[in-house]
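Take a look at the structure set out below.
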Protein chains: 2
Amino acid sequence: MNKRAKVTKAQIIEAALAVASEKGAGKVTLDEVAKVSGFSKGGLLYHYPSKEALITAMVQQLVDDNAASRQQLMAQGDDALSAMIKSHVHLSEQVQCNTAMAILAAAAEQPGLLNPVQQACRHLLCDINAESGDNPEAMVLMLACDALWLQDMLSISPLDAEQKDQLLQYMLRRAKELMP
Amino acid sequence: MNKRAKVTKAQIIEAALAVASEKGAGKVTLDEVAKVSGFSKGGLLYHYPSKEALITAMVQQLVDDNAASRQQLMAQGDDALSAMIKSHVHLSEQVQCNTAMAILAAAAEQPGLLNPVQQACRHLLCDINAESGDNPEAMVLMLACDALWLQDMLSISPLDAEQKDQLLQYMLRRAKELMP
DNA sequence: AATAATAAACCGTCTGGTTGGTACAGTAAA
DNA sequence: TTTACTGTACCAACCAGACGGTTTATTATT
């Protein structure tokens, strides 16, 4: 694959993410993505042979980005759990919205398109369990962190920004104590 | 409203839930629900004037059921947090799958159809905060409980049944200690 | 008889996907 | 250097089917 194709594919994914976060997960259609990206529908399907392939690529990129962000924090000395919590704090609202809607779109399209996400979750859990010695509180903290953005994804979070902030700080303190 | 109408409306909701959990959130269409329920599409739209109305009713019923289940536990002396955790434990897999897919369908259809769910979450949070004296660990436990079924909803849970069971037991123990 | 409930055929729009084709860069033969 | 050829990238037009919703007609219930 040459450079031009790579750029185009990236632009298509970008457009798909934009559609998802601006118009909602249910509006991610080939027509709409084509319109927003500026390419034709035929062009889209040249690079991604089906809608499923497009959504899969979209999800995969988000998973990769997330993993990279956590690994960077861990390279700076953080434990896996703290890195997860911190990475949640630092993500821009736009990125979180993108992620949320993309995942929602994938889930609605077909259960199974989220397998890469599940795999990523599993890896994260293993790391955290290994570091904490299977401490259940560490697992609870990890789940709580997940809940924060899963709730945001569905716009059902009962917490306002300030409450969320305070809670994340508490979680980070507990994480530091648990992971020596 | 007539008794006959009530029964029909309930059957339609039931069929919609069945479609959602068996075929996936994205496949909840009027035609499909009509086929499964045994009524015609015209019949559906007589009782629920739009797809949106149908999905709204579906979500509302789940919210009501859940609230009822928790209130029953609380009437037996449980605190709000323990009731939430216990209610998660006791729900059948079928009900959880129904709930998950219905909510997913609603979210994909239109953000905002989940407002009743958000409101329910808010109430629950208020109750738990009031009972625990704003203890952050109680909030974390609540979030973890949410995460358990949000993850199931997307089939991205990294925990197997046994791990989940043990974790819920731990959470229940902590809840009992926090809520005297 | 009056009204509530259901069915069936239909409509316009949007869906994912296919088609045949164009523009163009590279390249190998003349 | 021209020519012929090849593969990549893209597009406009189109298709069959599914979609949400309407209309009209028919049957039950009261």
Side-chain angles (χ1 to χ4, degrees), chain A residues 1-20 22-59 101-102 104-113, chain B residues 1-20 22-59 101-102 104-113:
Chain A
M1 181 163 41
N2 69 25
K3 188 168 182 180
R4 181 171 167 202
K6 238 179 209 168
V7 170
T8 301
K9 288 183 84 167
Q11 285 173 336
I12 292 171
I13 295 287
E14 197 180 341
L17 286 171
V19 171
E22 281 161 31
K23 310 235 168 145
K27 294 286 164 60
V28 181
T29 66
L30 293 179
D31 283 304
E32 193 61 29
V33 174
K35 207 176 79 185
V36 170
S37 70
F39 295 103
S40 70
K41 194 155 65 160
L44 253 68
L45 287 159
Y46 172 78
H47 291 285
Y48 300 102
S50 69
K51 188 189 179 184
E52 205 175 295
L54 171 63
I55 292 189
T56 299
M58 189 167 68
V59 169
M101 285 302 165
L104 209 50
E109 189 71 19
Q110 217 209 336
L113 255 47
Chain B
M1 181 164 36
N2 228 320
K3 184 164 184 181
R4 181 175 164 206
K6 237 179 213 168
V7 171
T8 301
K9 287 182 86 168
Q11 285 174 336
I12 292 171
I13 295 288
E14 197 180 341
L17 287 171
V19 170
E22 282 161 30
K23 311 234 168 141
K27 295 285 165 63
V28 181
T29 66
L30 294 178
D31 285 303
E32 193 62 29
V33 174
K35 207 176 78 185
V36 170
S37 69
F39 296 104
S40 71
K41 196 158 63 159
L44 253 69
L45 287 159
Y46 173 80
H47 291 284
Y48 299 102
S50 70
K51 187 189 179 185
E52 205 175 294
L54 171 63
I55 291 190
T56 299
M58 190 166 69
V59 169
M101 285 303 166
L104 210 50
E109 189 71 21
Q110 217 208 338
L113 257 48

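Per chain, numbering begins at 1; letters A, B, ... match sequence-line order. In this text the structure is predicted, and so the values were computed from the model without any measurement. These values consider heavy atoms only, across backbone and side chains, with no hydrogens, waters or symmetry-generated copies.
Summarising the geometry, the separation between NZ on K51(A) and P on dC14(C) is reported as 15 Å, rounded to the nearest angstrom. Rounded to whole Å, atom P of dA12(D) lies 13 Å from atom CG of L44(A). K9(A) places its NZ atom 15 Å from the C1' atom of dC10(D), with the value rounded to the nearest Å. The separation between L30(A) atom CG and dC10(D) atom C1' is 16 Å, rounded to whole Å. Between K23(B) atom NZ and dA18(D) atom C1' the separation is 14 Å, expressed in whole Å. Following rounding to the nearest Å, D31(B) (CG) and dG20(D) (C1') show an atom-to-atom distance of 8 Å. Separating the OH atom of Y48(B) from the C1' atom of dG20(D) is a distance of 17 Å, rounded to the nearest angstrom. dA9(D) atom C1' lies 11 Å from atom CD1 of I12(A), rounded to whole Å.
Looking at residues two or more places apart in sequence or on another chain, you find a side chain to side chain contact (heavy atoms under 4.5 Å, CB included) between F39(B) and T8(B), Q11(B), I12(B), S37(B), L44(B). Scored by the salt bridge (Lys or Arg N to Asp or Glu O under 4.0 Å) test, K23(B) finds E32(B) as partners (sequence neighbours excluded).
Look at Y46(B) and you'll find a side-chain N or O under 4.0 angstrom from OP1 or OP2 of dA5(C). For H47(A) and dT8(D), the shortest distance from a side-chain N or O to OP1 or OP2 is not below 4.0 Å. For T29(A), no side-chain nitrogen or oxygen approaches OP1 or OP2 of dC14(C) to under 4.0 Å. Residue T8(A) places at least one side-chain N or O closer than 4.0 Å to OP1 or OP2 of dC10(D).
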>> I'd like to compare against my own output: the B/S/- annotation of nucleotides 22-30 of chain D with a strict under-4.0 Å heavy-atom distance to protein.
In response: B------S-

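Here the CD atom belonging to Q110(B) is positioned 7.0 Å from the NZ atom belonging to K27(A), to the nearest 0.5 angstrom. For the atom pair CG (L30(A)) and NZ (K35(A)), the distance works out to 14.0 Å, reported to the nearest 0.5 Å.
For F39(B), whose side chain is taken as the heavy atoms from C-beta onward, the closest listed nucleotide among dG21(D), dC11(D), dT6(C) is dT6(C). Checked against dG16(C), dA9(D), dA12(D), the side chain of S40(A) finds its nearest nucleotide in dA12(D).
Smallest separation of non-hydrogen atoms from V36(A) and A15(A): CG1-CB, 3.9 Å. For the residue pair A108(A) and A108(B), the shortest heavy atom distance occurs at CB-CB, 3.9 Å.
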For a quick test of your reading: what N or O donor-acceptor pairs under 3.5 Å do the side chains of residues 50-59 of chain A make, sequence neighbours left out?
unit_1 : atom_1 : unit_2  : atom_2 : d
S50(A) : OG     : E52(A)  : N      : 3.4
S50(A) : OG     : A53(A)  : N      : 3.1
K51(A) : NZ     : V28(A)  : O      : 3.1
K51(A) : NZ     : E109(A) : OE1    : 3.0
T56(A) : OG1    : E52(A)  : O      : 2.8

